[in-house]
Amino acid sequence: MAEEKNLFKIAQLQLDEAAKFLKLEPKLHKLLREPMRVFKANLKIKMDSGKTKTFSAFRVQYNDARGPCKGGIRYHPEETLDTVKALAAWMTWKCATVGIPYGGAKGGVVCNPKELSILELEKISRAYIRAFWKYVGPDIDVPAPDVYTSGREMAWMLDEYEKIVGHKSPAMITGKPLALGGSLGRDAATGYGTVICIREAAKHLKIDLKKSTAAIQGAGNVGGWTAKLLQEKFGTKIMAISDSKCAIYSENGLNVEKALAHKEKIGQLHGFMGTKCITNEQLLELEVDVLVPAAMENQITKENTRRLNCKILAEAANGPTTKEADGILKRTKIFQIPDFLCNAGGVTTSYLEWVQNRMGYYWKLDEVNSKLDEVMTKAFWDVTNFAGKNKIPMRVAAYALAVQKVAEAMKLRGLA
Ligand code: NAD
(Lines give C-alpha, C1' and ligand atoms only; values in the text may rest on other atoms or scores of the structure.)
Protein backbone atom coordinates (compact mmCIF):
# COMPACT_ATOMS: atom_id res chain seq x y z
CA MET A 1 0.00 0.00 0.00
CA ALA A 2 1.25 3.48 -0.85
CA GLU A 3 2.47 5.52 2.09
CA GLU A 4 -0.08 8.06 3.34
CA LYS A 5 1.26 11.56 2.63
CA ASN A 6 -1.96 13.55 3.00
CA LEU A 7 -1.30 15.53 6.19
CA PHE A 8 -4.93 15.68 7.25
CA LYS A 9 -5.33 11.92 6.90
CA ILE A 10 -2.11 11.50 8.92
CA ALA A 11 -3.48 13.84 11.62
CA GLN A 12 -6.72 11.82 11.74
CA LEU A 13 -4.84 8.51 12.00
CA GLN A 14 -2.71 9.90 14.82
CA LEU A 15 -5.87 11.02 16.64
CA ASP A 16 -7.43 7.58 16.11
CA GLU A 17 -4.47 5.94 17.85
CA ALA A 18 -4.80 8.27 20.84
CA ALA A 19 -8.60 7.85 20.92
CA LYS A 20 -8.10 4.08 21.08
CA PHE A 21 -5.66 4.45 23.96
CA LEU A 22 -8.06 6.82 25.80
CA LYS A 23 -11.14 4.74 24.95
CA LEU A 24 -12.68 8.03 23.80
CA GLU A 25 -16.45 8.01 23.34
CA PRO A 26 -17.19 7.47 19.62
CA LYS A 27 -19.34 10.63 19.41
CA LEU A 28 -16.53 12.81 20.74
CA HIS A 29 -13.92 11.04 18.63
CA LYS A 30 -16.00 11.72 15.50
CA LEU A 31 -16.36 15.41 16.40
CA LEU A 32 -12.61 15.78 16.97
CA ARG A 33 -11.73 14.19 13.60
CA GLU A 34 -13.07 17.20 11.66
CA PRO A 35 -12.60 20.97 11.90
CA MET A 36 -15.30 23.12 13.40
CA ARG A 37 -15.26 25.74 10.57
CA VAL A 38 -13.55 26.12 7.19
CA PHE A 39 -13.41 29.46 5.35
CA LYS A 40 -12.29 29.82 1.75
CA ALA A 41 -11.75 32.89 -0.43
CA ASN A 42 -10.38 33.80 -3.84
CA LEU A 43 -8.10 36.80 -3.46
CA LYS A 44 -8.08 38.91 -6.63
CA ILE A 45 -4.82 40.80 -6.84
CA LYS A 46 -3.72 43.41 -9.39
CA MET A 47 -0.16 42.32 -10.14
CA ASP A 48 2.74 44.66 -10.95
CA SER A 49 2.26 43.72 -14.60
CA GLY A 50 -1.22 45.28 -14.54
CA LYS A 51 -2.92 41.87 -14.93
CA THR A 52 -5.28 40.50 -12.29
CA LYS A 53 -4.45 37.15 -10.68
CA THR A 54 -6.54 35.03 -8.31
CA PHE A 55 -5.02 33.29 -5.27
CA SER A 56 -6.87 30.66 -3.19
CA ALA A 57 -6.89 31.43 0.53
CA PHE A 58 -8.04 29.40 3.53
CA ARG A 59 -8.70 29.82 7.22
CA VAL A 60 -9.55 26.71 9.22
CA GLN A 61 -10.83 26.94 12.80
CA TYR A 62 -10.44 23.44 14.14
CA ASN A 63 -11.67 23.67 17.71
CA ASP A 64 -12.28 26.54 20.13
CA ALA A 65 -13.48 24.70 23.24
CA ARG A 66 -10.42 25.82 25.28
CA GLY A 67 -10.28 29.45 24.06
CA PRO A 68 -9.97 31.62 20.96
CA CYS A 69 -8.52 29.81 17.96
CA LYS A 70 -4.82 30.36 17.29
CA GLY A 71 -2.64 29.55 14.31
CA GLY A 72 -0.23 30.85 11.70
CA ILE A 73 -0.70 31.76 8.05
CA ARG A 74 1.45 30.09 5.40
CA TYR A 75 2.24 31.37 1.93
CA HIS A 76 3.25 28.35 -0.14
CA PRO A 77 2.76 27.25 -3.77
CA GLU A 78 1.83 23.72 -2.69
CA GLU A 79 -0.55 24.73 0.08
CA THR A 80 -3.80 22.72 0.14
CA LEU A 81 -6.93 22.86 2.24
CA ASP A 82 -6.09 19.45 3.71
CA THR A 83 -2.65 20.69 4.81
CA VAL A 84 -4.25 23.69 6.50
CA LYS A 85 -6.81 21.41 8.20
CA ALA A 86 -4.02 19.18 9.56
CA LEU A 87 -2.03 22.16 10.79
CA ALA A 88 -5.17 23.56 12.48
CA ALA A 89 -5.74 20.22 14.22
CA TRP A 90 -2.12 20.15 15.42
CA MET A 91 -2.50 23.71 16.74
CA THR A 92 -5.46 22.50 18.82
CA TRP A 93 -3.40 19.69 20.35
CA LYS A 94 -0.33 21.93 20.69
CA CYS A 95 -2.08 24.62 22.73
CA ALA A 96 -3.62 21.95 24.95
CA THR A 97 -0.25 20.17 25.41
CA VAL A 98 1.46 23.29 26.74
CA GLY A 99 -1.65 24.39 28.63
CA ILE A 100 -2.24 27.79 27.03
CA PRO A 101 -5.88 28.91 26.78
CA TYR A 102 -6.39 28.68 23.04
CA GLY A 103 -8.06 26.47 20.49
CA GLY A 104 -6.46 25.68 17.14
CA ALA A 105 -6.61 27.29 13.69
CA LYS A 106 -4.44 27.73 10.62
CA GLY A 107 -4.45 29.78 7.44
CA GLY A 108 -2.84 29.63 4.07
CA VAL A 109 -2.56 31.28 0.69
CA VAL A 110 -1.56 29.27 -2.37
CA CYS A 111 1.20 31.48 -3.79
CA ASN A 112 4.93 31.46 -4.37
CA PRO A 113 6.42 34.34 -2.37
CA LYS A 114 9.73 33.90 -4.19
CA GLU A 115 8.03 35.03 -7.41
CA LEU A 116 6.10 37.95 -5.91
CA SER A 117 7.18 41.56 -5.42
CA ILE A 118 6.90 43.21 -1.98
CA LEU A 119 3.93 45.24 -3.22
CA GLU A 120 2.15 42.08 -4.43
CA LEU A 121 2.81 40.37 -1.08
CA GLU A 122 1.38 43.39 0.73
CA LYS A 123 -1.74 43.29 -1.47
CA ILE A 124 -2.21 39.55 -0.75
CA SER A 125 -1.79 40.07 3.01
CA ARG A 126 -4.32 42.92 3.08
CA ALA A 127 -6.74 41.00 0.84
CA TYR A 128 -6.51 38.01 3.21
CA ILE A 129 -7.72 40.19 6.08
CA ARG A 130 -10.46 41.82 3.97
CA ALA A 131 -11.70 38.29 3.19
CA PHE A 132 -11.62 36.92 6.75
CA TRP A 133 -11.72 39.92 9.12
CA LYS A 134 -15.15 39.03 10.50
CA TYR A 135 -13.89 35.65 11.65
CA VAL A 136 -10.63 36.74 13.32
CA GLY A 137 -9.97 38.97 16.35
CA PRO A 138 -8.41 38.86 19.84
CA ASP A 139 -11.26 36.80 21.31
CA ILE A 140 -12.13 34.81 18.17
CA ASP A 141 -9.10 33.66 16.22
CA VAL A 142 -5.56 35.06 16.43
CA PRO A 143 -3.27 34.53 13.39
CA ALA A 144 0.56 34.51 13.41
CA PRO A 145 3.45 33.90 10.97
CA ASP A 146 4.35 30.49 9.56
CA VAL A 147 6.26 29.27 6.49
CA TYR A 148 7.23 32.21 4.24
CA THR A 149 5.42 34.82 6.33
CA SER A 150 6.96 36.98 9.04
CA GLY A 151 6.46 40.11 11.12
CA ARG A 152 6.27 42.11 7.88
CA GLU A 153 3.09 40.35 6.73
CA MET A 154 1.64 40.50 10.27
CA ALA A 155 2.13 44.30 10.28
CA TRP A 156 0.21 44.69 6.99
CA MET A 157 -2.55 42.41 8.28
CA LEU A 158 -2.84 44.27 11.60
CA ASP A 159 -2.99 47.60 9.80
CA GLU A 160 -5.73 46.38 7.43
CA TYR A 161 -7.74 44.90 10.31
CA GLU A 162 -7.51 48.09 12.41
CA LYS A 163 -8.62 50.19 9.41
CA ILE A 164 -11.70 48.01 8.98
CA VAL A 165 -12.74 47.80 12.65
CA GLY A 166 -11.86 51.45 13.30
CA HIS A 167 -9.76 51.04 16.44
CA LYS A 168 -6.39 49.71 17.60
CA SER A 169 -6.37 45.98 18.25
CA PRO A 170 -2.79 44.70 18.60
CA ALA A 171 -3.93 41.41 20.20
CA MET A 172 -5.68 40.34 16.97
CA ILE A 173 -2.41 38.97 15.58
CA THR A 174 0.93 37.83 17.03
CA GLY A 175 4.47 37.64 15.69
CA LYS A 176 4.24 41.39 15.02
CA PRO A 177 7.28 43.66 14.82
CA LEU A 178 8.23 45.13 18.22
CA ALA A 179 7.25 48.63 17.08
CA LEU A 180 3.64 47.48 16.65
CA GLY A 181 3.30 45.65 19.98
CA GLY A 182 5.26 42.49 19.28
CA SER A 183 6.96 40.66 22.12
CA LEU A 184 10.66 40.44 22.81
CA GLY A 185 11.72 36.85 22.18
CA ARG A 186 8.92 35.96 19.72
CA ASP A 187 11.24 35.74 16.72
CA ALA A 188 13.45 33.10 18.33
CA ALA A 189 10.69 31.42 20.36
CA THR A 190 10.01 28.29 18.26
CA GLY A 191 13.74 27.54 18.03
CA TYR A 192 14.13 28.38 21.72
CA GLY A 193 11.32 25.99 22.66
CA THR A 194 12.86 23.27 20.48
CA VAL A 195 16.20 23.73 22.22
CA ILE A 196 14.54 23.55 25.66
CA CYS A 197 12.98 20.21 24.63
CA ILE A 198 16.36 18.97 23.36
CA ARG A 199 18.00 20.08 26.64
CA GLU A 200 15.45 18.13 28.70
CA ALA A 201 15.63 15.09 26.38
CA ALA A 202 19.41 15.10 26.76
CA LYS A 203 19.01 15.12 30.56
CA HIS A 204 16.54 12.25 30.27
CA LEU A 205 18.92 10.20 28.11
CA LYS A 206 22.05 11.34 29.99
CA ILE A 207 23.58 12.85 26.89
CA ASP A 208 26.07 15.71 27.26
CA LEU A 209 25.04 18.31 24.65
CA LYS A 210 28.47 19.93 24.88
CA LYS A 211 30.04 16.78 23.46
CA SER A 212 27.21 16.18 21.00
CA THR A 213 26.61 16.72 17.31
CA ALA A 214 23.48 17.89 15.48
CA ALA A 215 22.09 18.22 11.97
CA ILE A 216 19.34 20.70 11.16
CA GLN A 217 17.09 20.51 8.12
CA GLY A 218 15.91 24.04 7.32
CA ALA A 219 17.58 27.40 7.88
CA GLY A 220 14.52 29.59 8.19
CA ASN A 221 13.08 31.00 11.39
CA VAL A 222 12.87 27.69 13.23
CA GLY A 223 15.93 25.87 11.84
CA GLY A 224 18.14 28.95 11.99
CA TRP A 225 17.33 29.76 15.63
CA THR A 226 17.50 26.13 16.74
CA ALA A 227 20.97 25.72 15.22
CA LYS A 228 22.19 29.03 16.60
CA LEU A 229 20.89 28.44 20.15
CA LEU A 230 22.13 24.84 20.29
CA GLN A 231 25.59 26.05 19.36
CA GLU A 232 25.59 29.17 21.56
CA LYS A 233 23.94 27.80 24.70
CA PHE A 234 25.32 24.27 24.80
CA GLY A 235 28.32 24.22 22.47
CA THR A 236 26.74 21.45 20.41
CA LYS A 237 28.66 20.84 17.20
CA ILE A 238 26.41 21.60 14.19
CA MET A 239 27.54 19.23 11.45
CA ALA A 240 25.03 20.27 8.78
CA ILE A 241 22.23 22.69 8.03
CA SER A 242 20.13 23.02 4.89
CA ASP A 243 17.80 25.16 2.86
CA SER A 244 15.56 24.16 -0.05
CA LYS A 245 18.55 24.17 -2.45
CA CYS A 246 21.17 22.14 -0.56
CA ALA A 247 22.59 21.09 2.77
CA ILE A 248 26.04 22.25 3.85
CA TYR A 249 28.19 19.86 5.85
CA SER A 250 31.49 20.15 7.68
CA GLU A 251 33.11 17.26 9.53
CA ASN A 252 34.56 19.74 12.03
CA GLY A 253 31.23 21.44 12.63
CA LEU A 254 30.22 24.78 11.15
CA ASN A 255 29.78 28.29 12.51
CA VAL A 256 26.00 28.78 12.38
CA GLU A 257 26.02 32.55 12.75
CA LYS A 258 28.42 32.95 9.83
CA ALA A 259 26.56 30.38 7.69
CA LEU A 260 23.27 32.23 8.21
CA ALA A 261 24.95 35.56 7.44
CA HIS A 262 26.27 33.99 4.20
CA LYS A 263 22.71 32.89 3.31
CA GLU A 264 21.36 36.34 4.12
CA LYS A 265 23.97 37.90 1.85
CA ILE A 266 23.75 35.66 -1.21
CA GLY A 267 20.35 34.01 -0.76
CA GLN A 268 21.61 30.45 -0.23
CA LEU A 269 23.79 28.34 2.07
CA HIS A 270 25.57 26.76 -0.89
CA GLY A 271 29.19 27.88 -1.16
CA PHE A 272 29.70 28.66 2.54
CA MET A 273 33.44 28.48 3.20
CA GLY A 274 34.83 25.19 4.54
CA THR A 275 31.68 23.15 3.86
CA LYS A 276 30.65 20.67 1.24
CA CYS A 277 27.23 20.42 -0.31
CA ILE A 278 25.15 17.31 0.45
CA THR A 279 21.49 16.62 -0.25
CA ASN A 280 18.66 17.14 2.20
CA GLU A 281 18.18 13.34 2.20
CA GLN A 282 21.83 12.77 3.14
CA LEU A 283 21.52 15.30 5.97
CA LEU A 284 18.69 13.29 7.54
CA GLU A 285 20.83 10.16 7.56
CA LEU A 286 23.98 11.65 9.11
CA GLU A 287 25.35 10.03 12.24
CA VAL A 288 24.57 12.70 14.84
CA ASP A 289 23.22 12.83 18.39
CA VAL A 290 20.42 15.25 17.54
CA LEU A 291 18.49 15.44 14.28
CA VAL A 292 16.13 18.39 13.80
CA PRO A 293 13.79 18.40 10.81
CA ALA A 294 12.80 22.10 10.78
CA ALA A 295 11.57 22.68 7.25
CA MET A 296 8.66 20.86 5.62
CA GLU A 297 6.33 17.93 6.20
CA ASN A 298 6.74 14.25 5.21
CA GLN A 299 10.54 14.22 5.39
CA ILE A 300 10.91 11.08 7.53
CA THR A 301 9.18 8.27 5.69
CA LYS A 302 9.03 4.49 5.70
CA GLU A 303 11.74 4.66 3.05
CA ASN A 304 14.43 6.45 5.10
CA THR A 305 13.50 5.84 8.78
CA ARG A 306 15.67 2.74 9.11
CA ARG A 307 18.65 4.76 7.91
CA LEU A 308 18.28 7.48 10.58
CA ASN A 309 21.37 7.58 12.74
CA CYS A 310 20.49 9.86 15.65
CA LYS A 311 19.64 9.52 19.35
CA ILE A 312 17.15 12.39 19.59
CA LEU A 313 14.71 13.27 16.81
CA ALA A 314 13.42 16.76 17.58
CA GLU A 315 10.49 17.44 15.27
CA ALA A 316 10.65 21.21 14.99
CA ALA A 317 8.67 21.28 11.71
CA ASN A 318 4.99 20.42 11.62
CA GLY A 319 4.27 16.92 10.36
CA PRO A 320 7.84 15.92 9.37
CA THR A 321 7.19 12.21 10.09
CA THR A 322 4.67 10.00 8.29
CA LYS A 323 2.43 7.55 10.15
CA GLU A 324 4.33 4.58 8.69
CA ALA A 325 7.64 6.10 9.78
CA ASP A 326 6.22 6.50 13.30
CA GLY A 327 5.44 2.78 13.28
CA ILE A 328 9.07 1.99 12.47
CA LEU A 329 10.47 4.53 14.94
CA LYS A 330 8.55 2.84 17.77
CA ARG A 331 10.81 -0.15 17.35
CA THR A 332 14.06 1.83 17.46
CA LYS A 333 15.89 3.47 20.36
CA ILE A 334 15.48 6.94 18.83
CA PHE A 335 13.90 9.34 21.32
CA GLN A 336 11.25 11.28 19.43
CA ILE A 337 10.07 14.71 20.53
CA PRO A 338 6.73 14.97 18.69
CA ASP A 339 6.11 18.05 16.58
CA PHE A 340 3.33 19.73 18.49
CA LEU A 341 5.34 19.52 21.70
CA CYS A 342 8.74 20.30 20.14
CA ASN A 343 7.65 23.40 18.22
CA ALA A 344 5.19 24.77 20.79
CA GLY A 345 7.59 27.55 21.84
CA GLY A 346 6.28 29.79 19.04
CA VAL A 347 2.67 29.70 20.10
CA THR A 348 3.65 29.94 23.76
CA THR A 349 5.47 33.23 23.21
CA SER A 350 2.63 34.31 20.90
CA TYR A 351 0.37 33.79 23.88
CA LEU A 352 2.73 35.89 26.02
CA GLU A 353 2.60 38.58 23.30
CA TRP A 354 -1.24 38.50 23.35
CA VAL A 355 -1.23 38.78 27.16
CA GLN A 356 1.12 41.80 27.01
CA ASN A 357 -1.04 43.44 24.32
CA ARG A 358 -4.14 42.99 26.45
CA MET A 359 -2.63 44.40 29.62
CA GLY A 360 -0.72 47.13 27.74
CA TYR A 361 2.45 46.40 29.70
CA TYR A 362 5.55 44.82 28.18
CA TRP A 363 8.03 42.42 29.78
CA LYS A 364 11.81 42.32 29.39
CA LEU A 365 13.34 39.54 27.28
CA ASP A 366 14.51 37.56 30.32
CA GLU A 367 11.01 37.55 31.76
CA VAL A 368 9.46 36.33 28.49
CA ASN A 369 12.09 33.62 28.05
CA SER A 370 11.86 32.40 31.62
CA LYS A 371 8.06 32.05 31.28
CA LEU A 372 8.59 30.19 27.98
CA ASP A 373 11.16 27.90 29.62
CA GLU A 374 8.79 27.10 32.48
CA VAL A 375 5.91 26.20 30.14
CA MET A 376 8.04 24.11 27.76
CA THR A 377 9.90 22.24 30.50
CA LYS A 378 6.66 21.32 32.24
CA ALA A 379 5.04 20.18 28.98
CA PHE A 380 8.10 18.10 28.06
CA TRP A 381 8.06 16.22 31.38
CA ASP A 382 4.27 15.85 31.42
CA VAL A 383 4.47 14.04 28.07
CA THR A 384 7.68 12.11 28.83
CA ASN A 385 6.44 10.87 32.21
CA PHE A 386 3.03 9.93 30.78
CA ALA A 387 4.71 8.03 27.93
CA GLY A 388 6.99 6.22 30.39
CA LYS A 389 4.21 5.36 32.82
CA ASN A 390 1.94 3.98 30.12
CA LYS A 391 4.71 2.50 27.93
CA ILE A 392 3.43 4.34 24.86
CA PRO A 393 5.28 6.36 22.20
CA MET A 394 5.85 10.06 22.90
CA ARG A 395 3.46 11.15 20.13
CA VAL A 396 0.62 9.02 21.49
CA ALA A 397 1.31 10.37 24.99
CA ALA A 398 1.23 13.99 23.77
CA TYR A 399 -2.00 13.32 21.88
CA ALA A 400 -3.63 11.55 24.81
CA LEU A 401 -2.89 14.41 27.23
CA ALA A 402 -4.03 17.06 24.73
CA VAL A 403 -7.18 15.28 23.59
CA GLN A 404 -8.22 14.70 27.21
CA LYS A 405 -8.01 18.45 27.90
CA VAL A 406 -9.98 19.40 24.77
CA ALA A 407 -12.56 16.68 25.45
CA GLU A 408 -13.04 17.91 29.02
CA ALA A 409 -13.65 21.49 27.80
CA MET A 410 -16.13 20.26 25.19
CA LYS A 411 -18.04 18.23 27.73
CA LEU A 412 -18.17 21.12 30.21
CA ARG A 413 -19.65 23.30 27.47
CA GLY A 414 -22.19 20.66 26.65
CA LEU A 415 -20.73 20.24 23.17
CA ALA A 416 -20.23 16.52 23.45
P1 NAD B 1 10.66 29.57 7.09
O2 NAD B 1 9.91 29.98 5.90
O3 NAD B 1 11.26 30.65 7.94
O4 NAD B 1 11.84 28.56 6.71
C5 NAD B 1 11.62 27.37 6.02
C6 NAD B 1 12.99 26.77 5.69
O7 NAD B 1 12.80 25.51 5.07
C8 NAD B 1 13.83 27.60 4.72
O9 NAD B 1 15.17 27.55 5.14
C10 NAD B 1 13.68 26.86 3.40
O11 NAD B 1 14.79 27.05 2.56
C12 NAD B 1 13.62 25.43 3.90
N13 NAD B 1 12.97 24.51 2.95
C14 NAD B 1 11.88 24.72 2.18
N15 NAD B 1 11.62 23.63 1.44
C16 NAD B 1 12.55 22.71 1.78
C17 NAD B 1 12.81 21.40 1.39
N18 NAD B 1 12.04 20.78 0.47
N19 NAD B 1 13.87 20.74 1.93
C20 NAD B 1 14.64 21.36 2.87
N21 NAD B 1 14.45 22.61 3.26
C22 NAD B 1 13.42 23.28 2.74
O23 NAD B 1 9.66 28.66 7.93
P24 NAD B 1 9.67 28.38 9.48
O25 NAD B 1 8.80 29.38 10.16
O26 NAD B 1 11.08 28.20 9.94
O27 NAD B 1 8.88 26.99 9.55
C28 NAD B 1 9.54 25.73 9.40
C29 NAD B 1 8.65 24.63 9.97
O30 NAD B 1 8.36 24.93 11.34
C31 NAD B 1 7.28 24.49 9.30
O32 NAD B 1 6.88 23.15 9.34
C33 NAD B 1 6.37 25.33 10.20
O34 NAD B 1 4.99 24.96 10.09
C35 NAD B 1 6.96 24.97 11.55
N36 NAD B 1 6.65 25.91 12.62
C37 NAD B 1 6.98 27.21 12.54
C38 NAD B 1 6.72 28.07 13.61
C39 NAD B 1 7.14 29.51 13.61
O40 NAD B 1 6.99 30.16 14.66
N41 NAD B 1 7.69 30.06 12.54
C42 NAD B 1 6.07 27.58 14.75
C43 NAD B 1 5.76 26.21 14.81
C44 NAD B 1 6.07 25.40 13.74
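Everything numeric in this text was worked out from a predicted model, so none of it was measured. Every number for a ligand or one of its atoms is a count from 1 in the order of the listing.
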For ligand 1, find out whether one of its N or O atoms is nearer than 3.5 Å to an N or O atom of [X].
{"X": "Ala317", "value": "no"}
{"X": "Val147", "value": "no"}
{"X": "Ala295", "value": "yes"}

(request) Answer yes or no: is there a side-chain heavy-atom contact under 4.5 Å between Pro101 and Arg66? (result)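 The answer is no, as the side chains (C-beta and beyond) never meet within the 4.5 Å cut-off.
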(message) Does any part of the side chain of Pro143, heavy atoms only, come nearer than 4.5 Å to the side chain of Arg59, both counted from C-beta?
(response)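 Touching, per the 4.5 Å side-chain cut-off.
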Which part of [X] is near ligand 1, with near meaning a heavy atom under 4.0 Å away: side chain, backbone, both or neither?
{"X": "Val222", "value": "both"}
{"X": "Pro320", "value": "neither"}
{"X": "Ala294", "value": "backbone"}
{"X": "Met91", "value": "neither"}

(message) Enumerate the side-chain hydrogen bond (donor to acceptor under 3.5 Å, both in side chains) contacts for residues 338-349, please, sequence neighbours excluded, ordered by first and then second residue.
(response)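 Non-adjacent pairs meeting side-chain hydrogen bond (donor to acceptor under 3.5 Å, both in side chains): Lys94-Asn343, Asn318-Asn343, Asp339-Arg395.
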(request) Mark yes or no for whether Thr275, through its side chain, and Gly271, through its backbone, hold a donor-acceptor pair below 3.5 Å. (result)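 Checking the backbone N and O of Gly271 against the side chain of Thr275, no donor-acceptor pair under 3.5 Å is found.
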(message) Please list the nearest protein heavy atom to atom 4 (O) of ligand 1 with its residue and the distance rounded to 0.1 Å.
(response)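 Residue, atom and distance for the closest contact: Gly220 CA, 3.2 Å.
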(message) I need the atoms of ligand 1 closer than 4.0 Å to a non-hydrogen atom of Arg74, numbered in the order shown.
(response)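 Numbered from 1, ligand 1 contributes 31 (C), 32 (O), 33 (C), 34 (O).
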(request) Examine Tyr62 together with Trp90 and report whether their ring centres are nearer than 6.0 Å. (result)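 Tyr62 vs Trp90: aromatic centres not under 6.0 Å.
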